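Single-structure report; data block below.
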Amino acid sequence: MAVIGLDDTDSRDRGMCTTYLAARIAARLRERGHRVDRSILLRLNPAIEFKTRGNAALAIRTDCDRKEAFGLAREAIDAAAETDDPNTNPGLVVAPDADVSPAIAEFSVRTLCDRLAIADAREACKAAGFAYRGWDNGRGLIGALAAVGSRRAFSEWTVERIAYREPKRWGTRRTVDPDSVFAAAERGYPATWDTVDRGEREVVCVPRTPCPVLFGVRGDDPDAVSEVAAAIDAEPVERAETFLTNQGTDAHLRDGSIRSVENGRNYRLSGTVASAPETRRGGHVFFALADDGSNSISNDGSGDDVSLDTADAGSRVHDDEANATAPRLDCVAFEPTKRFRDRVRALRVGDSLTVCGEVSGGTLKLEKFAARDLVRSERVTPTCPVCERSMESAGRDQGYRCRDCGTHREGKASRTLDRDLELGWYEVPPRARRHVAKPLVRGGFDAPTHPER
Ligand code: ATP
């Protein structure tokens with residue numbers, strides 16, 4: 001038995017794709033009469049800057065012996081990897097079996113959430129006694145080892161059926177009938193997802209890069225993705241492979257707190273909206289989230305904290321800005337997230353949220369959020385019950401007074417807010433989904449969901 005891990009064989013400009021190389025290696029193993037038990041497509045930390053596109057690494061489990069497997073994979077990488085590109089640094093790891101040590105499984109988990117050094121991968125391969133080889137600086141060893149350890153490291157898996165183009169067509173415009181994709185996606189939903197974006201009427205499963213992929217259908221079940229793939233009218237398919245993947249699982253997210261986030265990592269964080277959403281140049285929508293410890297809000301900017309008034313039918317009432325002293329984190333919904341930005345724009349200061357996404361440059365790039373508690377009313381200057389005119393302040397801590405009739409009122413009035421948002425999870429649409437981000441339609445969330453499709 002052998003598990004072959006490989007990564008970093010492709011180039012942004014020159015094409016190629018490590019999944020294609022893995023499909024070719026799997027085909028060659030079968031030609032030689034070996035069994036291929038599974039091919040894994042593992043998505044690694046999406047915040048890694050070395051990635052060509054989706055930060056993928058591959059693992060193939062076969063009954064072939066390790067020596068032969070290593071030789072065959074090495075030849076395939078030598079022949080196909082785009083090593084003329086200085087950013088392509090292939091790595092190959094061959095392990096005896098998928099039943100790797102806890103230390104290797106831990107390496108896989110860290111490759112999703114942290115950043116690792118090439119030396120870490122070499123050391124771990126040596127310590128485990130795995131055969132390995134790096135080309136150029138060998139950075140691909142990180143992903144290759146992570147793929148080898150992934151079966152033990154993760155419990156949640158999905159599948160993707162990838163169809164590849166004939167080599168003579170690589171780099172040319174793809175011929176795929178969009179109507180057939182929409183029809184197949186409709187029939188396959190919800191067992192298959194992110195095939196199309198109905199809201200933008202966009203085909204999502206067909207890449208735009210010069211790589212060999214024709215389309216990839218993602219879902220929960222191998223039969224479902226195969227049926228959708230078979231129903232797509234397109235140019236001839238050279239080969240197709242079904243991969244076991246961690247796509248759509250949120251395996252990259254870790255629970256954290258706003259005060260302790262680091263750039264280049266992916267989090268699930270809770271907090272209170274601390275500034276009104278603002279649409280900036282380019283159509284990106286920003287707001288600040290304050291640490292959850294700030295469950296109080298300032299009173300008229302005076303700096304005195306007042307607790308949230310929950311007497312109003314148990315709902316949140318908001319006055320002004322959230323506590324300015326609590327640690328804050330900017331959150332952004334980028335322009336390509338399209339209609340998701342309307343959900344973000346519907347947020348108000350004081351709303352209680354859980355947000356998910358990558359922290360980069362001190363800003364969290366939103367993948368999804370859950371509205372946990374919404375501000376339902378706001379404090380406003382009272383209206384005189386006699387004259388129906390706006391009252392004015394009677395002085396510090398002296399309430400309000402009507403200038404015309406002298407009517408007095410102790411404090412501000414409460415006005416009910418019409419909220420265009422419900423409690424629960426909201427997500428970016430399929431067109432803007434990160435590979436590893438879990439679509440709400442997959443279920444298992446801790447609040448009601450509002451899936452996009
Ligand atoms: P494609 O999507 O087309 O397969 P890619 O986006 O997977 O390409 P690669 O060419 O594989 O990109 O480059 C990513 C590189 O980053 C690989 O060398 C991989 O080993 C390395 N890498 C992945 N995750 C980490 C991590 N957590 N820490 C450090 N390096 C990483």
Side-chain angles (χ1 to χ4, degrees), residues 5-25 39-60 76-77 80-93 104-125 132-150 153-154 160 162 164-165 170-171 205 207-214 216 218 241 243 245-247 251-254 262-266 358-360 433-436:
L6 58 148
D7 193 13
D8 208 341
T9 64
D10 55 357
S11 146
R12 194 167 291 175
D13 314 315
R14 293 158 179 267
M16 208 23 183
C17 167
T18 309
T19 73
Y20 180 73
L21 197 54
R24 285 233 304 234
I25 293 171
S39 300
I40 289 179
L41 162 51
L42 188 73
R43 296 289 178 178
L44 309 174
N45 186 348
I48 293 296
E49 66 279 17
F50 308 117
K51 69 183 183 181
T52 310
R53 284 179 295 268
N55 207 4
L58 280 295
I60 301 160
I77 293 174
E82 294 290 350
T83 41
D84 289 345
D85 183 329
N87 296 321
T88 301
N89 301 287
L92 167 66
V93 175
I104 302 294
E106 171 67 15
F107 185 94
S108 302
V109 171
R110 287 177 56 213
T111 316
L112 257 286
C113 304
D114 284 332
R115 35 188 68 233
L116 290 136
I118 303 166
D120 295 335
R122 285 190 205 277
E123 289 305 313
C125 285
Y132 66 94
R133 175 163 174 198
W135 283 252
D136 298 326
N137 74 14
R139 180 172 291 114
L141 286 170
I142 298 171
L145 183 61
V148 163
S150 62
F154 303 103
E160 178 165 0
I162 303 184
Y164 298 98
R165 315 183 71 191
W170 295 358
C205 66
R208 295 195 180 91
T209 54
C211 75
V213 174
L214 180 56
R218 298 175 180 187
E241 188 80 28
F243 295 92
T245 114
N246 64 342
Q247 291 167 166
H252 62 314
L253 299 180
R254 64 167 89 181
E262 290 175 60
N263 289 324
R265 289 169 171 78
N266 312 280
E358 173 195 331
V359 175
S360 167
R433 183 117 45 226
R434 295 200 116 164
H435 299 290
V436 74

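Everything quoted here is computed from the prediction, not taken from an experiment. Counting convention: from 1, in listed order, for ligands and their atoms alike.
At a cut-off of 3.5 Å, with distance as the only test, no side-chain donor of His252 or Arg434 sits close to an acceptor on the other residue.
Ring centroid separation for the pair Trp170 and Tyr164 does not come in under the 6.0 Å cut-off.
In this structure, Phe50 and Asn87 have side chains that are not in contact, with every pair of non-hydrogen atoms separated by 4.5 Å or more.
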Q. Given the rule in the side-chain contact (heavy atoms from CB on, under 4.5 Å) test, do Ile77 and Leu21 qualify, once you have shown the distances and angles that lead to the verdict?
A. CA-CA 8 Å; Ile77 293 174; Leu21 197 54; 3.9 Å; yes
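The residues Arg53 and Asp10 are annotated as salt-bridged, a charged nitrogen and a carboxylate oxygen being separated by less than 4.0 angstrom.
Contact residues of ligand 1 (protein heavy atom closer than 4.0 angstrom to a ligand atom; sorted by chain and number): Asp7, Asp8, Asp10, Leu44, Asn45, Ile48, Phe50, Lys51, Thr52, Arg53, Gly54, Asn55, Ala56, Thr111, Asp114, Arg115, Leu116, Arg139, Gly140, Ile142, Gly143.
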Let me check something: any side-chain donor-acceptor pairs from residues 108-115 under 3.5 Å, sequence neighbours excluded? List them with distances.
residue, atom, partner, partner atom, Å
Ser108, OG, Ile104, O, 3.3
Ser108, OG, Ala146, O, 2.8
Ser108, OG, Ser150, N, 3.4
Thr111, OG1, Phe107, O, 2.6
Asp114, OD1, Arg254, NH2, 2.5
Asp114, OD1, Arg265, NE, 3.0
Arg115, NH1, Glu49, OE1, 3.1
Arg115, NH1, Glu49, OE2, 3.4
Arg115, NH2, Ala47, O, 3.4
Arg115, NH2, Glu49, OE1, 3.2

